[in-house]
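Can you read through this structure? Questions will come right after.
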Amino acid sequence: MYFPAEGVTKGEVLAYYHEIAPVLLPHLRDRPLTLERYPEGVEGESFYQKDTPAHYPDWLRTYSKKYRHSERVTHHPLVDDAADLLYLANLGVLTFHTFLSRTADIEHPDLLVIDIDPPSDPDRESVPQSFAKAREAAHVLRAELERSGLDPLVKTSGKRGLHLALPLDGTLDFAEIREVLSGLFEKAIAAHPSLVTREVSKGKKRSRVYLDALRMALGATVVAPYAVRPTPIASVSMPVTWEELDELDDPYLFTVRTAGERVAAVGDLWNAIHTGDTIL
DNA sequence: GAGACGT
DNA sequence: ACGTCTCAACGCTCA
DNA sequence: TGAGCG
């Protein structure tokens with residue numbers, strides 16, 4: 001029993017990943033992964049795992065990376081097919097976190113992600129209220145990008161926030177992307193100072209949407225679209241259209257129980273990530 | 001979830 | 001034969 | 001310098 005509050009079992013999680021594999025796999029392909037594991041279910045202990053222990057099967061490819069403050073080389077798992085995906089899901093992986101670059105050119109991100117992190121003050125703000133601010137901020141960032149002729153994709157994070165994304169052509173490195181992003185954020189903040197901020201507030205209470213350009217870095221990760229999140233209801237990160245977003249007032253609407261049917265109906269709304277080649 | 005290690 | 005431990009890590013800000 | 005944060 002992985003999600004006791006909803007009665008969702010480990011078997012259902014595996015069935016979900018199996019069902020969603022055709023749209024999920026292209027987003028994982030060749031991206032080093034960080035795994036977020038809940039081997040005893042969502043109410044049990046959890047841990048992040050970057051390295052691949054020696055006892056993992058040898059058909060599971062890995063990407064080796066030496067971290068500055070780590071003695072050893074870390075062997076990030078790579079997912080090529082449904083077997084790889086299900087092997088890892090069977091270890092209790094709920095959330096797959098992906099690099100923003102691929103193995104072929106690890107220094108140059110092919111994915112720009114903007115994390116819309118809504119206000120978090122449970123005393124002052126309800127989930128619908130803070131999500132409304134996240135939607136507003138998403139529109140502000142979208143409008144700013146559109147001025148450069150760019151139209152980002154959007155998805156729910158599966159928790160309270162939103163993720164905007166653009167495919168990149170791999171010309172710029174992480175530092176250069178951070179610089180572009182900083183400029184974009186400054187413009188957004190200048191236009192809407194009461195809505196968005198780059199300041200981390202003390203006491204983890206915040207009334208504005210937090211924008212963090214530092215998340216575009218080698219080794220930093222983002223929650224993959226369609227990934228399961230460790231919430232009581234087994235919510236998932238779900239791509240949506242901008243029109244849908246305006247009608248959406250529950251960031252937790254999509255779950256392992258409902259996502260399959262939706263994706264069968266609308267396909268992968270983030271498919272453009274694989275074909276686009278935005279030049280910033 | 002599973003191996004390493006300690007008791 | 002069990003119980004316990006481990007399984008990430010960057011760079012900011014504030015005390 | 002170190003803990004806390006995202």
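In what follows, chains carry the letters A, B, and so on, assigned in the order in which the sequence lines appear, proteins first and then strands, with residues in each chain numbered from 1. Hydrogens, waters and symmetry mates play no part in the numbers below; they use all other heavy atoms, side chains included.
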Discussion item. Classify A:Y67 by what it touches in the nucleic acid, base, sugar-phosphate, or nothing, heavy-atom distance under 4.0 Å.
Written reply: sugar-phosphate

Discussion item. Measuring to OP1 and OP2 of C:dA8, would you say a side-chain N or O of A:K65 lies under 4.0 angstrom away?
Written reply: no

Worksheet item: Should the heavy atoms of other residues, nucleotides or ligands under 6.0 Å from CD of A:Q129 be counted, would the total exceed 12?
Response: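 More than 12 within 6.0 Å, yes.
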
Discussion item. Could you tell me how far apart A:Q49 (CD) and B:dG3 (C1') are, to the nearest whole angstrom?
Written reply: 11 Å

Worksheet item: Counting only side-chain N and O atoms of A:T52, is one of them less than 4.0 Å from OP1 or OP2 of C:dC7?
Response: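 Answer no for this pair, as no side-chain N or O of A:T52 is under 4.0 Å from OP1 or OP2.
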
Worksheet item: With a 4.0 Å cut-off on heavy atoms, is A:D115 in touch with a base, just the backbone sugar-phosphate, or nothing at all?
Response: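 No contact at all - A:D115 keeps every heavy atom at 4.0 Å or more from the nucleic acid.
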
Practice prompt. Identify whether any heavy atom of A:R68 sits under 4.0 Å from a base atom; if not, whether one sits that close to sugar-phosphate; answer base, sugar-phosphate or nothing.
Written response: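 Sugar-phosphate contact only - A:R68 comes under 4.0 Å of backbone atoms but never of a base.
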
Discussion item. Can you confirm if the aromatic rings of A:F99 and A:H76 lie within a centre distance of less than 6.0 Å?
Written reply: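 Yes, the ring centres sit under 6.0 Å apart.
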
Discussion item. For C:dA8, give the paired nucleotide (Watson-Crick: N1-N3 plus N6-O4 or O6-N4; G-U: N1-O2 and O6-N3; both under 3.5 Å), or none.
Written reply: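 Per the H-bond distance test, none.
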
Item to complete: Starting from P on D:dG6, measure out to OH on A:Y48 and report it in whole angstrom.
Response: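 Between P of D:dG6 and OH of A:Y48: 12 Å.
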
Fill in: Distance, rounded to the nearest Å, where A:H55 contributes NE2 and C:dT6 contributes P
16 Å

Item to complete: Could you check if a side-chain atom of A:S157 sits within less than 4.5 angstrom of a side-chain atom of A:V223, using non-hydrogen atoms only?
Response: no

Worksheet item: Which whole-number value in Å describes the distance from A:F47 CZ to C:dA9 P?
Response: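 A:F47 atom CZ is separated from C:dA9 atom P by 14 Å.
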
